[in-house]
*Asks:* 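Here it is, the structure, as structure tokens.
Basis for what follows: all heavy atoms, side chains included, without hydrogens, waters or symmetry-related copies. Ligands are counted one by one from 1 in listed order, and the atoms in each one are counted from 1 as well. The first residue of the sequence shown is numbered 1, and numbering continues consecutively from there.
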Amino acid sequence: MMNKVVRVLLCFAFFGVSLANAEQYPSKVITIIVPYSAGGPTDTVARLVGKAMSGPLKTQMIIENVEGAGGTIAGTKAAGSAPDGYTLFLHHIGMSTAPALYRKLPFDPQKDFEPIGLIGDVPMTLVARKDFPAKDMKELIAYVKANKDKVNLANAGLGAASHLCGMLFMSALQTEFTTIPYKGTGPAMNDLLGGQVDFMCDQTTNTTSHIKAGKVKVYGVTTRKRVASLPDVPTLQESGLPGFEVAVWNGLYAPKNTPKAVIDTLAKALQQALTDPSLIQRFAELGTDVATKDRATPEALRAQLKSETEKWGPIIKKAGVYAD
Ligand code: ASP
């Protein structure tokens, strides 16, 4: 039997070590897993946030793009990572749509992660290759209906926001057309610019500069209100698609069982990062609303994930879109 003195010493040693670890966090580079290709909207947000958080955390944050299957490969990897605060996961609205889209989702977005905080909200835009025949939304609807066997829409795979938006567009038009999945809308945008695909619904993070440079045609924004950085672009609701609304939100997560002290440190760093003037300016240029301090919290992201999962589940089930 262990004598009392030894037990007390061991106890001190244990708490001493865990206290030292908690105090030292972070003591090495932190990786943020991003579920889509480099150069796309989610990647852009992650790089800006990672850079801004590295100041308050006093450590480097690197991005790992784990592409494919609409974000589910990355989600599975992130959920199974060590819960030590050195592997995080940055995802968007796809965290709330995946449970309805994937019959065999290998992770549970609400149970397998510790939310850290919301990052911001991003509108989407419906854009087409520069020489696409339709000049406005009315013409686009008529053209797509008349040419449904010819037109194609690029997306970042089942579970991506670009997929969700395209699916809602098809259902609003009651017309099905071909979709072409990419590993992210970064590479999809390259093909749209090259004229290999016809149109795409994508976040302003990825479309604003091309819209402003006249390299793509824009038909509308998916939010209820117009976007400040694109004041001349009508909303899809204004353009004849009543009730059409998708707003993408981004959140930062850690694997389940990451210690609370670590989550609190990360949430604080996120809140600080979101007040960084250069991040705020870049987000504004990209049409993205930065989350307010009260939304950049574990509680707010947990609540958002729950309510969005409840919102999108029935819509997706009704649309009858599934992956096996
Ligand atoms: N966020 C994009 C989407 O959902 C994909 C990407 O970031 O590349 O379509």
*Asks:* Whether the Glu67 and Ser37 side chains hold a donor-acceptor pair (N or O, under 3.5 Å, no angle test) is what I'd like checked.
*Replies:* yes
*Asks:* For the aromatic rings, using the six-membered ring if either is Trp, is the centroid distance between His92 and Tyr36 under 6.0 Å?
*Replies:*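 Yes; Tyr36 has its ring centre under 6.0 Å from that of His92.
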*Asks:* Output, or 'none' if empty, a list of ligand 1-protein atom pairs in which both atoms are N or O and the distance is under 3.5 Å, rounded to 0.1 Å.
*Replies:*
from: ligand 1; atom 1: 1 (N); to: Thr42; atom 2: OG1; distance (Å): 2.8
from: ligand 1; atom 1: 1 (N); to: His92; atom 2: NE2; distance (Å): 3.3
from: ligand 1; atom 1: 1 (N); to: Gln203; atom 2: OE1; distance (Å): 3.4
from: ligand 1; atom 1: 1 (N); to: Gln203; atom 2: NE2; distance (Å): 3.1
from: ligand 1; atom 1: 4 (O); to: His92; atom 2: NE2; distance (Å): 2.7
from: ligand 1; atom 1: 4 (O); to: Ala161; atom 2: N; distance (Å): 2.7
from: ligand 1; atom 1: 7 (O); to: Thr42; atom 2: N; distance (Å): 3.1
from: ligand 1; atom 1: 7 (O); to: Thr42; atom 2: OG1; distance (Å): 2.6
from: ligand 1; atom 1: 8 (O); to: Thr185; atom 2: N; distance (Å): 2.8
from: ligand 1; atom 1: 8 (O); to: Thr185; atom 2: OG1; distance (Å): 3.3
from: ligand 1; atom 1: 9 (O); to: Ser162; atom 2: N; distance (Å): 3.2
from: ligand 1; atom 1: 9 (O); to: Ser162; atom 2: OG; distance (Å): 2.5

*Asks:* Can Arg47 and Asp43 be counted as an ion pair, charged N to O under 4.0 angstrom?
*Replies:* yes
*Asks:* Should the heavy atoms of other residues, nucleotides or ligands under 6.0 Å from NZ of Lys311 be counted, would the total exceed 12?
*Replies:* yes
*Asks:* Give a yes or no on whether the ring-centroid distance for Phe199 and Tyr219 is below 6.0 angstrom.
*Replies:* no
*Asks:* How about Tyr143 and Phe132: are their ring centres within less than 6.0 Å of each other?
*Replies:*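 So the answer is yes for these two rings.
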